[in-house]
Amino acid sequence: MVGESPAVATASSAAPKRGALKKRGSYNCGRCGLPKKGHICPSGNGDILPPRSDHRLRRALSFEEDRTPSAVAAAPGMEEEEVAETPAAADYEEVEVGGGVLPVSCLVEVLRRLSPKELMGAAVVCRGWRECVKRVWRSAEELRLRVSPRSQIGFVGSVLHKCAGLARLTLRIESDVDATLLACVAFSCPSLEAFEINIGDNAVNRITGDELGRFVAEKRCLSVLKVEGCTSLGLLNLHSSSLSTLWLSDLYCISKMVISCPNLKELSLDFTRQENDSTDLVTMMDSLGRTCPRLRNMHIASIQLCNDAVLALASTNLRGLRMLSLVLGSKITDAAVAAIVSNYSSLELIDLSGSSISDSGIGMICNAFSQTLSRLLLALCPNITSSGIQFATAQLPLLQLIDCGMSMRAINSQNESPEENGLIGNEGSGELRRCQKSPTSKPQPIYQKLIIKHGCLRRISLWGCSDLDALYLNCPELNDLNLNSCANLHPERLLLQCPKLEHVHASGCQDMLTGAIRNQVLNEFAVVQNHLPCKRLADGSKRVQVPRYPLQQIDPVQAVTICL
């Protein structure tokens, strides 16, 4: 431009390129609230901070930037990162919250209590909050994450990548899952100790046995593994010296199973309920005792369980076994019980639900484990009677839980054969006619009564015992009683002497029975509430009730829960 000096021309050309003016910060101190001009903050340990104009506002967790001279002098031999992680430096930082300030350590403790989804929302509030959220992710040791069908495996990887020190991980997968998930977890969590995969109702687990075995072999620190929906394994070959707990559910047609884990203490294998399952349980039981000598808790659920499988397990050297659960084995009889009691001497829990053992088997269990057994589960055992249950409660002084649901029950007419229903003839040709039976030929239900007197029992489950018509309980420690579907239990033949009873389940019972339960339980609380010490008058004429100390008032309606 003509007539302008070069300096003016340069200034005018540079003016449009100048950025927006910086916004000034607060004129008051962020720690004590006093004006900053000529101010030495008393809460800063006498250290004068540089003015705000030449001091860039640091992020909440960027301790390596703008460190105070005193912090550096306190530890001259430490690296900058080490000084940044000291508690003194962490407490010195502050972050803005709602117009005020809050120490970073306090905000981090608050953010620890949020869910992963809420943490992601907190990270977009501001820069200080984002750094606090990063600190929470880095220090997280346990994570429970639900993966919706719309989420991709990259979402799981992005979350796990933030948790370098993660030790326990639980994933709820609601979509199909394959070995890509295992690779993502193995890469993002190098120090993982416990891993659990829960499969949704409409999801399919496509992880094979080779892929699962490779994952376990690579994770040298893994001690707990729980996987659901293992229908696609095909074979199982696990080798690990650190694995102590293994839960696999929905197993189906396992052609080969080798679990070589010398430190394994808890094993749970749940097979599908399909009749065409070709898994060889006898060979599997035989190998488990040889490759896992330290097993203490074992749970096997399969309709293929039989006496041969139990005998194969009993022949192994599992002397440290404390819990034995063999569920749904309708082919298990008293012969298997004899093998169990002859090879194990310290069982604390026995679960033979769904088996065909009788009262004789219960007698063998009581004679062998009278000083150790505390939990006995015999649900869905049609061959046991109330006499066997009474014998068990009388011979097991340490018993705390007994479950004999659906064991003492009447025959369901819908499940009877055509001959039992009076139907004779050729069913295939359609020539089926009903034979009129005399009233005496119809089998009458045999009702049973149960009398239990025990000083340690805390839970009794009698659900579905429709043959039970009389019940007498004298259990001072009983807390939970399940009488669901006890349709033939008479109110006049019910006696509950259980002062600590809090939960009674009586759905599917007669209305008069539920009323009798309520009256007996509430009256028991009323007796305890009205109990007062007595004192004789001075002339010795009579005794009077004198409360020597204030008794706690108990509302009997709130003290007991009756589920109808």
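Because the structure is predicted, anything quoted here is derived from the model rather than measured.
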Heavy-atom count check: over 12 atoms from other residues, nucleotides or ligands less than 6.0 Å from [X] [atom1]?
X    : atom1 : answer
R168 : CZ    : yes
R144 : CZ    : no
N367 : CG    : yes
N202 : CG    : no
R322 : CZ    : yes

So do [Y] and [X] actually touch side chain to side chain, heavy atoms under 4.5 Å?
X    : Y    : answer
D270 : L251 : no
Q510 : P491 : yes
L450 : I452 : yes
L225 : V216 : yes
R146 : E174 : yes
I259 : L236 : yes
L318 : L313 : yes
I365 : L352 : yes

Treating [X] as the side-chain partner and [Y] as the backbone partner, does any N or O pair qualify as donor plus acceptor under 3.5 Å?
X    : Y    : answer
E228 : I199 : yes
S466 : A487 : no
K219 : C189 : yes
S356 : K331 : no
H454 : L457 : yes
N484 : A506 : yes
S188 : V185 : no
T170 : E196 : no
D286 : V282 : no
Q448 : L468 : no

Looking only at heavy atoms, what is the nearest atom pair of [X] and [Y], with distance?
X    : Y    : result
C465 : G405 : SG-CA, 4.3 Å
A314 : A339 : CB-O, 3.8 Å
M364 : V341 : O-CG1, 3.8 Å
C366 : A392 : SG-CA, 3.4 Å
S175 : S148 : OG-O, 4.3 Å
M298 : L321 : CB-CD1, 4.2 Å

Report task. Given side-chain contact (heavy atoms from CB on, under 4.5 Å), test I197 with L181 step by step and report yes or no. Result -> CA-CA 10 Å; I197 300 178; L181 177 65; 4.2 Å; yes
Carboxylate-amine/guanidinium contact [X] [Y], below 4.0 Å:
X    : Y    : value
D210 : R214 : no
R206 : D176 : yes
D469 : R493 : yes

Report task. Dump the intermediate steps for side-chain contact (heavy atoms from CB on, under 4.5 Å) on F195 and V224, then the final yes or no. Result -> CA-CA 6 Å; F195 183 36; V224 179; over 6 Å; no
Requested in this report: Begin from the C-alpha positions of I332 and V310 and carry the test side-chain contact (heavy atoms from CB on, under 4.5 Å) through to its verdict.
Outcome: CA-CA 8 Å; I332 296 178; V310 179; 4.0 Å; yes
Spacing of [X] atom [atom1] and [Y] atom [atom2] [to the nearest 0.5 Å]:
X    : Y    : atom1 : atom2 : answer
L481 : C475 : CG    : SG    : 9.0 Å
S232 : I207 : OG    : CD1   : 9.0 Å
N237 : L212 : CG    : CG    : 10.5 Å
M285 : T316 : CE    : OG1   : 9.5 Å

Query raised in the report: L288 and side-chain contact (heavy atoms from CB on, under 4.5 Å): which partner among L264, V258, L267?
Result: L267
Query raised in the report: So among L489, I460, T514, which one has a side-chain contact (heavy atoms from CB on, under 4.5 Å) with L483?
Result: L489
Indicate whether any N or O donor in one side chain lies under 3.5 Å from an N or O acceptor in the other, for [X] and [Y].
X    : Y    : value
N488 : H490 : no
D334 : S360 : no
T385 : D359 : yes
W463 : D403 : yes
D351 : S353 : yes

When the side chains of residues 369-377 are checked against the rest of the protein, which donor-acceptor pairs come out under 3.5 Å, sequence neighbours left out?
from: T372; atom 1: OG1; to: L347; atom 2: O; distance (Å): 2.9
from: S374; atom 1: OG; to: E348; atom 2: O; distance (Å): 3.3

Report task. Give every residue pair that meets the salt bridge (Lys or Arg N to Asp or Glu O under 4.0 Å) criterion with at least one member in residues 255-266, sequence neighbours excluded. Result -> none
Query raised in the report: For L160 and L143, what are the C-alpha separation, side-chain angles and deciding distance, and is it a side-chain contact (heavy atoms from CB on, under 4.5 Å)?
Result: CA-CA 9 Å; L160 297 181; L143 178 62; 4.0 Å; yes
Donor-acceptor pairs under 3.5 Å, side chain of residues 299-307 to any protein atom, not counting sequence neighbours: which ones?
from: H299; atom 1: ND1; to: S325; atom 2: OG; distance (Å): 2.8
from: S302; atom 1: OG; to: Q304; atom 2: N; distance (Å): 3.1
from: Q304; atom 1: NE2; to: E275; atom 2: O; distance (Å): 3.4
from: N307; atom 1: OD1; to: T333; atom 2: N; distance (Å): 3.0
from: N307; atom 1: ND2; to: T333; atom 2: OG1; distance (Å): 2.8

Requested in this report: Would you please test T208 and E211 for side chain to side chain donor-acceptor pair (under 3.5 Å) and show each step?
Outcome: CA-CA 5 Å; T208 63; E211 296 164 347; 3.2 Å; yes
Requested in this report: Output, in order, the C-alpha distance, side-chain angles, deciding distance and verdict of side chain to side chain donor-acceptor pair (under 3.5 Å) for N263 and S244.
Outcome: CA-CA 6 Å; N263 295 318; S244 62; over 6 Å; no
